[in-house]
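Read through the structure below, which is laid out as C-alpha cells, and then see the notes.
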Amino acid sequence: MSLNNIKIVKFEARHLKECGVLAAKAFFNDPGFIYIFEVFEQNEDKKLKKLTYFWQRYLWRSVYYNKNSYIAIDEDNNNKIVGLVCPIYPTDPTPNLWSDLRAGIALFPLKLGMKTTKRILRTEHVITDLENKEVWGRLAAKKGTSVKVEQVAVHPEYQGKGIGSRLMKHLVKDIKDNGFDSFLVTQNPNNIPFYYNAGYDLIAKTFVEPKIGEKSPYVYLLALRKD
C-alpha cells in the first residue's frame, strides 16, 4: 500500500459512525480499555459493540466542539477511514452536562453498566490529576497556550504503514502554525517510540493502583512536545 493513496481530511459529523468502529478496533487491546471494559472480556463481540458505542458517543464532542480533528482515508478502498487524530485546543468550548446529554455520554450507566462507567470516571480522574501535577504544575505550562492531543487511532489492518506518523505530522504542524504547544497522555508504553519520533519527550508516569478484586495496576504516561 502506498501512502500516496492516503488523504488527510477534516473529521466531520458524517464520519462519526465509521470513526467509532475504527477507534473501537484500534483500542480493543489497549491496556487502559482492557481495564475499563473488563466485564466484557469473555465476549469479544459484545466488547467490540460496547467499545463502539463508547467511542461514537465520546468522539461526538470531537466533531462538534473541537474543529481541528482529522481523519485519514484510503482513496483506493472506497474512501475507507483508516486513522484519526483529535486534539483539544484551549479555545475549544468546554463540554458540560448539556453537551454530554446530547452526545449520549449521560447514558453510559445504562448502556455500559455501572462498573464500566465508574472505571471510565476513575480513569478520567487519574489523567486529570496527572495533567494538573505535571503540565500545569511542575512545568508551569499555560492553559491558554497548550493543546492536548486527545486521541490518535489507526485501523489495525493499516497499522505500521506510516499513517499514524502522517496524521501526527499534519496535526503538529497545525498546532505550531496556530502558535500552541502540545502534550498527550498514553496508556500504552509501546506507543512511546512513536510519539518520540513525532517530537515528544516522556516527562511523567503514574500508576493506577488496583482496588480489591481488580487486576494488576496499569500505567499512564505523559509526553510533552520538546520544541
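In this chain, numbering begins with 1 at the start of the sequence shown.
The closest side-chain heavy-atom distance from F183 to I203 is not below 4.5 Å. Residues V126 and T206 meet the side-chain proximity criterion, which asks for heavy atoms closer than 4.5 Å. In this structure the side chain of Y35 reaches within 4.5 angstrom of the side chain of T123, judged on heavy atoms. Residues L84 and Y70 fail the side-chain proximity criterion, which asks for heavy atoms closer than 4.5 Å. Contact check for V82 versus V154: no side-chain heavy atoms found under the 4.5 Å cut-off. Side-chain contact between S182 and Y200 is present, with heavy atoms from C-beta onward closer than 4.5 Å. Side chains of V149 and Y195 form no contact here, defined as non-hydrogen atoms less than 4.5 Å apart. Within the 4.5 Å cutoff, the side chain of I120 has heavy atoms near those of the F54 side chain.
A72 and I163 get closest at one heavy-atom pair: CB-CG2, 3.8 Å. Closest non-hydrogen pair, G83 versus L167, comes out as C-CD1, 3.7 Å. The heavy-atom pair separating P87 from S69 by the smallest distance is CD-OG, 3.6 Å. The minimum heavy-atom distance between L59 and C86, with the atom names listed, is CD2-SG, 3.9 Å. In terms of heavy-atom proximity, P193 sits nearest to N190 at CD-O, 3.4 Å.
The number of heavy atoms from other shown groups lying within 6.0 Å of NZ (K148) is above 12. Atom CD of Q42 is surrounded by 12 or fewer heavy atoms from other residues, nucleotides or ligands within 6.0 Å. Within 6.0 Å of atom NZ in K111, 12 or fewer heavy atoms from other residues, nucleotides or ligands are found, so the atom counts as exposed in its surroundings. By the 6.0 Å contact criterion, NZ on K46 is open, its count of non-hydrogen atoms from other residues, nucleotides or ligands being 12 or less. No more than 12 heavy atoms of other residues, nucleotides or ligands sit less than 6.0 Å from atom CG of N78.
Judged by distance alone, with hydrogens and angles left aside, the side-chain atoms of R57 form no donor-acceptor pair with the main-chain N or O of F108 at under 3.5 Å. For the pair K47 (side chain) and V39 (backbone), a donor-acceptor distance under 3.5 Å is absent.
I88 and V185 are members of different hydrophobic clusters when ILVMFWY side chains are connected at heavy-atom separations under 4.5 Å. With hydrophobic clusters built from ILVMFWY side chains whose heavy atoms lie under 4.5 angstrom apart, I105 does not share a cluster with L121. L107 and W60 fall within the same hydrophobic cluster, where Ile, Leu, Val, Met, Phe, Trp and Tyr residues are linked whenever their side-chain heavy atoms come under 4.5 Å apart, directly or through other members.
Note that CD1 of I127 is 12.5 Å distant from CZ of R122, once rounded to the nearest 0.5 Å. Annotation: the span from N43 atom CG to L48 atom CG amounts to 10.5 Å, rounded to 0.5 Å. Between atom CG of residue N77 and atom CD of residue E75 there is a gap of 11.5 Å, rounded to the nearest 0.5 Å. The CG atom of N5 lies 11.0 Å from the CG atom of N79; values are rounded to the nearest 0.5 Å. Note that CD of Q151 is 12.0 Å distant from OG1 of T186, once rounded to the nearest 0.5 Å. Within the model, atoms CD of Q187 and CD1 of I36 stand 6.0 Å from one another, a figure rounded to the nearest 0.5 Å.
For H170, there are no side chain to side chain donor-acceptor pair (under 3.5 Å) partners, not counting sequence neighbours. Annotation: ring pair (Phe, Tyr, Trp, His ring centres under 6.0 Å) contacts of Y53 (sequence neighbours excluded): none.
Taking the six-membered ring where tryptophan is involved, the planes of W55 and Y58 are perpendicular, since the angle between them exceeds 60° and thus also 30°.
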Between side-chain atoms of residues 11-34 and protein atoms elsewhere (two or more places apart, or another chain), which donor-acceptor pairs fall under 3.5 Å?
unit_1, atom_1, unit_2, atom_2, d
E12, OE1, R14, NE, 2.8
H15, ND1, E12, N, 3.0
E18, OE2, I81, N, 2.9
D30, OD1, G32, N, 3.0

Stepwise side chain to side chain donor-acceptor pair (under 3.5 Å) check, Y158 with D74: CA-CA 10 Å; Y158 287 78; D74 184 353; 2.8 Å; yes
Chi angles and distances behind the side chain to side chain contact (heavy atoms under 4.5 Å, CB included) call for E150, V85: CA-CA 8 Å; E150 183 78 346; V85 61; over 6 Å; no
